[in-house]
Amino acid sequence: MQIEVMKSKLHCVKVTEANLNYMGSITIDEDLMDAVQLIPGERVYIVNNNNGERFDTYVIKGKRGSGCICLNGAAARKVQVGDIVIIMSYALMDFEEAKSFKPMVAFPDQNTNKILK
């Protein structure tokens, strides 16, 4: 049996940009992606702590060290710059493997979106 478990989580990052005129997705600083092992094109689920919106999209690599969290296309309507969001991805795995799996979780600074050391 396979189950879906949380693989990656960026907990409480600040939206730095919302670009309605882009084709869609979320642009994430490459440092943040590396911290939780996200890859370009990966499906992510987003929870907006400010307004309760929940939606999914896919990842686009942003400039390393920029702190960029930019919602693009239709997703830009679900956030405002300055909103705090949680970004999560999930993976399918065998039930026994899932019991011992440890997800990658990062708690970036909410003002800068930099990984706290």
Side-chain angles (χ1 to χ4, degrees):
M1 171 176 53
Q2 296 235 309
I3 63 171
E4 192 171 21
V5 298
M6 186 180 74
K7 177 188 84 67
S8 305
K9 179 179 178 183
L10 287 169
H11 188 77
C12 293
V13 290
K14 185 183 287 188
V15 174
T16 59
E17 189 178 347
N19 184 350
L20 184 61
N21 296 314
Y22 194 79
M23 290 179 58
S25 67
I26 182 170
T27 306
I28 302 174
D29 176 331
E30 193 172 4
D31 284 341
L32 295 173
M33 290 174 61
D34 289 350
V36 294
Q37 297 181 347
L38 290 173
I39 61 170
E42 185 170 353
R43 182 181 192 179
V44 290
Y45 299 86
I46 300 162
V47 177
N48 186 327
N49 285 356
N50 293 80
N51 64 18
E53 288 281 358
R54 295 164 114 15
F55 54 97
D56 65 319
T57 190
Y58 61 93
V59 175
I60 290 179
K61 182 172 35 175
K63 181 179 177 190
R64 186 176 294 281
S66 66
C68 176
I69 298 291
C70 178
L71 279 300
N72 301 301
R77 293 203 183 271
K78 300 197 175 276
V79 300
Q80 292 189 15
V81 172
D83 283 357
I84 301 298
V85 297
I86 299 169
I87 302 167
M88 300 165 284
S89 71
Y90 296 84
L92 286 174
M93 60 184 69
D94 178 74
F95 182 76
E96 290 303 317
E97 179 186 8
K99 287 180 180 180
S100 61
F101 178 76
K102 301 288 186 238
M104 299 295 296
V105 179
F107 299 88
D109 178 272
Q110 285 186 12
N111 293 313
T112 63
N113 288 340
K114 304 291 184 192
I115 298 295
L116 301 174
K117 302 288 179 187

**Item:** Pairwise distance CD1(I26) to CZ(R43) - rounded to 0.5 angstrom
**Value:** 14.0 Å
**Item:** Flag if over 12 foreign heavy atoms under 6.0 Å of CD, Q80
**Value:** no
**Request:** State, with a plain yes or no, whether a side-chain heavy atom of V85 is found less than 4.5 Å away from one of N49.
**Result:** no
**Minimal non-hydrogen separation, Y58 against S25, with atom names** = O-CB, 3.2 Å
**Request:** Answer with yes or no whether the hydrophobic clustering places V59 together with I87; edges join I, L, V, M, F, W, Y residues whose side-chain heavy atoms lie under 4.5 Å apart.
**Result:** yes
**Message:** With heavy-atom distances below 4.5 Å as the criterion, would you say the side chains of K7 and E42 are in contact?
**Reply:** yes
**Request:** Let me see the working for M1 and D94 under side chain to side chain contact (heavy atoms under 4.5 Å, CB included), right down to the final yes or no.
**Result:** CA-CA 6 Å; M1 171 176 53; D94 178 74; over 6 Å; no
**Request:** Might you work through the side chain to side chain contact (heavy atoms under 4.5 Å, CB included) test for Y22 and L71, ending with a clear yes or no?
**Result:** CA-CA 9 Å; Y22 194 79; L71 279 300; over 6 Å; no
**Request:** Give, for atom CE of M6 and atom CZ of F101, the distance between the pair rounded to the nearest 0.5 Å.
**Result:** 8.5 Å
**Message:** In this structure, would V36 and V47 fall into the same cluster of hydrophobic residues linked by side-chain contacts under 4.5 Å?
**Reply:** no
**Request:** Go through the steps for Q37 and S8 under the test side chain to side chain donor-acceptor pair (under 3.5 Å), then give the verdict.
**Result:** CA-CA 7 Å; Q37 297 181 347; S8 305; over 6 Å; no
**Prompt:** Which heavy atom of A98 sits nearest a heavy atom of I3, and at what distance?
**Reply:** CB-CD1, 3.7 Å
**Asked** Would one find more than 12 heavy atoms of other residues, nucleotides or ligands at under 6.0 Å from atom OH of Y45?
**Response** yes
**Asked** Is the backbone N or O of V13 less than 3.5 Å from a side-chain atom of N113, with the two atoms forming a donor-acceptor pair by type?
**Response** no
**Request:** Drop me the distance from I46's CD1 to S89's OG, to the nearest 0.5 angstrom.
**Result:** 11.0 Å
**Prompt:** In the single-linkage hydrophobic clustering (I, L, V, M, F, W, Y; side-chain heavy atoms under 4.5 Å), do V81 and L20 co-cluster?
**Reply:** no
**Asked** Are any of the side-chain nitrogens in D109 or K114 under 4.0 Å away from the carboxylate oxygens of its partner?
**Response** no
**Request:** First locate atom CD of E30, then atom CD1 of I60, and finally report the distance between them rounded to the nearest 0.5 Å.
**Result:** 13.0 Å
**Enclosure of R77 CZ (heavy-atom neighbours >12, cutoff 6.0 Å)** = no
**Message:** Quick check for you: to the nearest 0.5 Å, what is the distance between K9 atom NZ and Y90 atom OH?
**Reply:** 8.5 Å
**Prompt:** So, K78 and D83, do they make that salt bridge, N to O below 4.0 Å?
**Reply:** no
**Item:** Side-chain touch I69/L32, heavy atoms, less than 4.5 angstrom
**Value:** yes
**Request:** Verify the distance criterion only: is there a donor paired with an acceptor across the side chains of T27 and N72 at less than 3.5 Å?
**Result:** yes
**Message:** Could you check whether any side-chain heavy atom of N50 comes within less than 4.5 Å of a side-chain heavy atom of I84, counting everything from C-beta outward?
**Reply:** yes
**Message:** Do M33 and K61 have side chains that approach each other closer than 4.5 Å (heavy atoms only, starting at C-beta)?
**Reply:** yes
**Prompt:** Which pair of heavy atoms, one from I115 and one from A106, lies closest together, and at what distance?
**Reply:** CD1-CB, 3.8 Å
**Prompt:** With a 4.5 Å limit on heavy-atom distance, are the side chains of T57 and V44 in contact?
**Reply:** yes
**Request:** Please lay out, stage by stage, how L38 and I28 fare under the test side chain to side chain contact (heavy atoms under 4.5 Å, CB included).
**Result:** CA-CA 9 Å; L38 290 173; I28 302 174; 4.1 Å; yes
**Request:** State the CD1-CG distance between I86 and L10, to the nearest 0.5 angstrom.
**Result:** 10.5 Å
